[in-house]
Amino acid sequence: MCRRDRHRPHAGWSGRGFCGTSSERRVLAWRPARPDTARERGAGTAGGWHVQQGNRGTSGGQRRHRQDPPAWRIPQARRQRSRGSGGNCIARRPVPLTGEVPLFDERTLLSTASRLLAREPSLPVALADTARLLTEALSGDGCLVYGIEANGELVVSATFPVRPPPKEPLRMPSGFGVTGRVAADGIPAVLVDDNPRNALHRELLGLEPGQLVSRLCVPARSPQGGCAAVLAVHSLARREFTSGEIDAAQRVADLVGLRVQLARASSALGDFEDRWESLVAATVTAQEGERRRVAGDLHDGVTQALASLTFHLSAAEVALTERDYDYGIDQVRAARATADLAFAEARNAISGLHSPVLEDLGLAAGLVSMARAVPNVQVEVDAQDLDLPVYVEAALFRIAQEAVQNVVKHADAVRALVSLVKRGRSIVLRVSDDGRGFDAPGRVSSALRGRDAASQYGLMGMYERVQLLGGHLSVTSDRGEGTTVEAVIPEVMN
Ligand SMILES: Nc1ncnc2c1ncn2[C@@H]1O[C@H](COP(=O)(O)OP(=O)(O)O)[C@@H](O)[C@H]1O
Ligand SMILES: [Mg+2]
């Protein structure tokens, strides 16, 4: 006896008669009349099919879950045949209805289903295993599991027997066909004589041309409401599905709904973790950017003011030692003003504000003011009044400050020239000196960072500011021939 036959104790049925045991007969006693009389047919139709509600009013002692809706019974192909359109249908074996007693131990079925759905880490494998379990429990020939996508479309995501995946998966628009309606309504449906039209669907069911199939479609309801999948068990032998079978299949399907929901939650958690990581990375980058800005402002603003302060105090010391009181007092006053500037620069570096000079005067006048405060070197400024955004002015001012600071610190120059012009569609800031020159990098790139970073901090700061504005920086110099720093940025007018 084949496995299926072992599970079909009613193989001896003849038509609707019964020759089984008395206990089986007792079960038959509470089976409602087969609901296919015209009187019992509901008025509602779906896709032109008459729809009947089966097992109305009783589950015959097989306790129906209070929330389990009754199944729809859809005698689709019967109607087609009566119209004469089913002439090419293969005559189905007069296999009697399977009967009303459960052919399986429901408790074992549910515990097996819950175990495999809980333990199998891969959702597709868990669905395929459940499809197999349900097929065997209901003595069917196979089971299709339809996943429901975000747009409501149904897609076959697991099958038993396992088949090689088709080139295009079987898709059904939301609400289409019986399966779509099961998904939409959350109510199981029974099709005793179904004759699917879709070729791929027929292939998945293993149907010959014209062959009919009996199907039970149950919704895998999500604990959050709605339907997460549909399980459709099919039998090539014509059969009904008992209320006990429908109830048990529904409970298995609800376990599937829970599993799918868990998989979605864990995928959402994964997405959340990814987003969290990128948020942390963005925060770290922002912190690093802020740290660099503070460091840059301290380097470009405060240290320049402090270097200037040192110069004025040294000059005052020499003047007072030589009793040149007027010059000494000038230097002390200059030192006092520079100390105020250093204080303001430090405060603004901490609070993130722009240079106070720039804020008060704008870029062109700010450059003139900055040049005036430079000790020892005669700095000329030739700056056009350009209407630039504040952030561009701030960046150009810091670059000029650092370049002039380098002239003071390293060039041993007599004269320097700061120019700011609009050339074509670019803004060009240039600081040149007649000092000793050095082994300059030419066009500055990030490769400079790899070299002795600490000794190139000022150059790197200039480079990064220019790069943020989408421009480029070059430092050209020859020993004894002076140095030229040129920042070119694309035109960004206010
Ligand atoms: N105008 C200049 N004239 C001569 N040497 C310069 C000039 N500008 C920069 N340099 C050289 O380039 C080096 C790097 O400059 P920079 O990155 O600003 O660092 P820092 O000024 O802190 O030493 C300086 O130490 C100096 O040797
Ligand atoms: Mg420097």
Side-chain angles (χ1 to χ4, degrees), residues 282 285-286 288-290 292-293 295-297 299-301 304 348 352-372 374 379-407 411 413 415-435 437-438 440-450 456-478 481-494:
T285 307
E288 176 65 12
E290 180 63 3
R292 293 177 89 88
R293 183 196 64 75
D297 285 358
H299 180 272
D300 301 349
Q304 180 179 351
N348 284 303
L353 298 175
H354 302 305
S355 164
V357 174
L358 188 62
E359 266 178 21
D360 290 347
L361 305 174
L363 183 55
L367 290 174
V368 172
S369 164
M370 183 262 291
R372 262 199 228 119
V374 172
V379 183
E380 283 176 37
V381 176
D382 176 16
Q384 285 179 6
D385 239 333
L386 303 170
D387 186 20
L388 301 173
V390 173
Y391 68 95
V392 176
E393 287 197 334
L396 292 174
F397 185 75
R398 291 302 188 200
I399 292 165
Q401 252 185 337
E402 171 59 18
V404 169
Q405 168 81 345
N406 278 351
V407 175
R415 286 161 53 93
L417 175 65
V418 178
S419 71
L420 176 72
V421 291
K422 186 164 172 287
R423 190 203 296 156
R425 308 203 62 175
S426 300
I427 310 292
V428 181
L429 170 74
R430 185 184 291 161
V431 178
S432 51
D433 67 68
D434 59 358
F438 75 111
R443 176 94 173 236
V444 180
S445 74
S446 54
L448 198 65
R449 200 174 294 163
Q456 310 282 348
Y457 197 90
L459 291 181
M460 272 324 296
M462 287 193 272
Y463 166 71
E464 280 168 8
R465 288 185 199 276
V466 168
Q467 213 193 20
L468 274 176
L469 298 175
H472 60 263
L473 179 80
S474 60
V475 183
T476 49
S477 179
D478 272 320
E481 297 289 322
T483 301
T484 297
V485 174
E486 189 175 82
V488 181
I489 60 160
E491 177 186 33
V492 194
M493 295 317 223
N494 232 348

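Owing to the predicted nature of the structure, the values given are computational and were not obtained by experimental measurement.
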statement: Ser474 meets the side chain to side chain contact (heavy atoms under 4.5 Å, CB included) criterion, sequence neighbours left out, with Glu486
message: Working to the nearest 0.5 angstrom, can you tell me the gap between Asp433 CG and Asn406 CG?
response: 9.5 Å
- request: Apply side chain to side chain donor-acceptor pair (under 3.5 Å) to Arg443 and list each qualifying residue two or more places apart in sequence or on a separate chain.
  value: none
message: Would Leu429 and Val418 count as a side chain to side chain contact (heavy atoms under 4.5 Å, CB included) here? Give the steps.
response: CA-CA 7 Å; Leu429 170 74; Val418 178; 4.2 Å; yes
- prompt: Excluding sequence neighbours, so at least two apart, what forms side chain to side chain contact (heavy atoms under 4.5 Å, CB included) with Glu393?
  reply: Leu358, Leu363, Leu388
- prompt: Sequence neighbours excluded, which residues qualify as side chain to side chain contact (heavy atoms under 4.5 Å, CB included) partners of Ala371?
  reply: Val379, Val381
- line: Hits for side chain to side chain contact (heavy atoms under 4.5 Å, CB included) against Ser369, two or more places apart or cross-chain, chain-then-number order -> Val357, Leu361
message: Run the side chain to side chain donor-acceptor pair (under 3.5 Å) test against Ser477 and tell me which residues pass, sequence neighbours left out.
response: Thr483
message: Donor-acceptor pair, distance only, cut-off 3.5 Å: does the side chain of Gln384 make one with the backbone of Lys422?
response: yes
- request: Please tell me if the side chains of Met462 and Val431 come closer than 4.5 Å, counting only heavy atoms from C-beta onward.
  value: no
field: Set of residues satisfying side chain to side chain donor-acceptor pair (under 3.5 Å) with respect to His472, sequence neighbours excluded
entry: none
query: In a check of side chain to side chain donor-acceptor pair (under 3.5 Å) between His299 and each of Gln401, Arg398, Glu402, Gln304, which one passes?
result: Glu402
- request: Only counting residues at least two apart or in another chain, list the ones meeting side chain to side chain donor-acceptor pair (under 3.5 Å) with Glu481.
  value: none
query: Leu396 versus Ile489: any side-chain heavy-atom pair under 4.5 Å?
result: yes
query: Who pairs with Arg372 by salt bridge (charged side-chain N to carboxylate O under 4.0 Å, His left out), at least two apart in sequence or on another chain?
result: none
